[in-house]
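Below is one structure, written out as structure tokens; comments come after it.
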Amino acid sequence: QVQLVESGGGLVQAGGSLRLSCAASGSIVSLYAVGWYRQAPGKQRELVAQISSGASTNYADSVRGRFAISRDNGKNTVYLQMNSLMPEDTAVYYCHAELSQIGVTGIVYYWGKGTQVTVSS
């Protein structure tokens with residue numbers, strides 16, 4: 001089995017920073033693209049940032065220039081550094097990973113359970 005565990009969420013004032021972590025563990029052969037998504041109350045889940053296995057990155061327009069995604073392949077961990085946070089960044093942030101798993105053919109996809117980020121004005 002594979003687990004994705006997000007951490008680093010919390011309450012922060014507008015203009016502040018948080019660093020989220022997504023740690024993948026279990027029967028992983030290779031970790032490929034990993035994305036951070038968020039879902040605010042009453043809204044659809046949206047892609048915030050994504051990083052490929054080769055460290056190419058992609059960002060939503062709303063966070064480009066404020067957020068930075070990175071990965072530590074040795075630790076199977078992906079980070080999301082969030083700076084200049086705004087109240088509209090308030091949401092539950094989820095990690096999504098594409099990976100290959102021991103005993104499973106092809107690429108499999110996992111979601112973490114999410115971490116709450118609340119930005120006060």
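Reckoned from all heavy atoms, side chains included, excluding hydrogens, waters and symmetry mates. All of these numbers come straight from a predicted model, not from anything done at the bench.
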Q) Is the side chain of Ser21 donor-acceptor paired with the backbone N or O of Ser7 at a distance under 3.5 Å, no angle test? A)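 Such a contact is absent between Ser21 side chain and Ser7 backbone.
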Q: Output yes when a side-chain donor or acceptor of Arg71 lies under 3.5 Å from a complementary backbone atom of Ala33, and no otherwise.
A: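 Side chain of Arg71 to backbone of Ala33: no pair is present.
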Closest contact, heavy atoms only, [X] versus [Y]:
X     : Y     : value
Asn73 : Ser53 : ND2-O, 4.3 Å
Pro87 : Ala14 : CD-CB, 4.1 Å
Cys95 : Glu6  : N-OE2, 2.8 Å

Starting from [Y], can I reach [X] by hopping between I/L/V/M/F/W/Y residues whose side chains sit under 4.5 Å apart?
X     : Y      : result
Leu80 : Val119 : yes
Met82 : Val12  : yes
Val34 : Tyr59  : yes
Leu18 : Ile69  : yes
Leu31 : Val5   : no

Q. What's the verdict on side chain to side chain contact (heavy atoms under 4.5 Å, CB included) for Val2 and Ser27, showing C-alpha distance, side-chain angles and the deciding distance?
A. CA-CA 6 Å; Val2 172; Ser27 53; 4.1 Å; yes
Q | From CA spacing to verdict: side chain to side chain contact (heavy atoms under 4.5 Å, CB included), Gln116, Thr90 | A | CA-CA 8 Å; Gln116 176 70 47; Thr90 295; 4.0 Å; yes
Q: Take Tyr110 and Gln1, measure what side chain to side chain contact (heavy atoms under 4.5 Å, CB included) needs, and give me the verdict at the end.
A: CA-CA 10 Å; Tyr110 283 88; Gln1 193 52 276; 3.0 Å; yes
Any [X] side-chain heavy atom under 4.5 Å of [Y] side chain:
X     : Y      : result
Leu99 : Val108 : yes
Leu47 : His96  : no
Tyr79 : Asp72  : yes
Phe67 : Leu85  : yes

First locate atom [atom1] of [X], then atom [atom2] of [Y], and finally report the distance between them rounded to the nearest 0.5 Å.
X     : Y      : atom1 : atom2 : value
Lys43 : Glu88  : NZ    : CD    : 8.5 Å
Gln13 : Ser121 : CD    : OG    : 9.5 Å
Ser30 : Glu98  : OG    : CD    : 12.5 Å
Asp89 : Ser62  : CG    : OG    : 7.0 Å

Q | Stepwise side chain to side chain contact (heavy atoms under 4.5 Å, CB included) test for Ile51 and Trp36 | A | CA-CA 9 Å; Ile51 187 166; Trp36 282 100; over 6 Å; no
Q) Looking at Arg38 and Glu46, does any basic side-chain N land under 4.0 Å from a carboxylate oxygen? A)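 Salt bridge flag = yes for Glu46 with Arg38.
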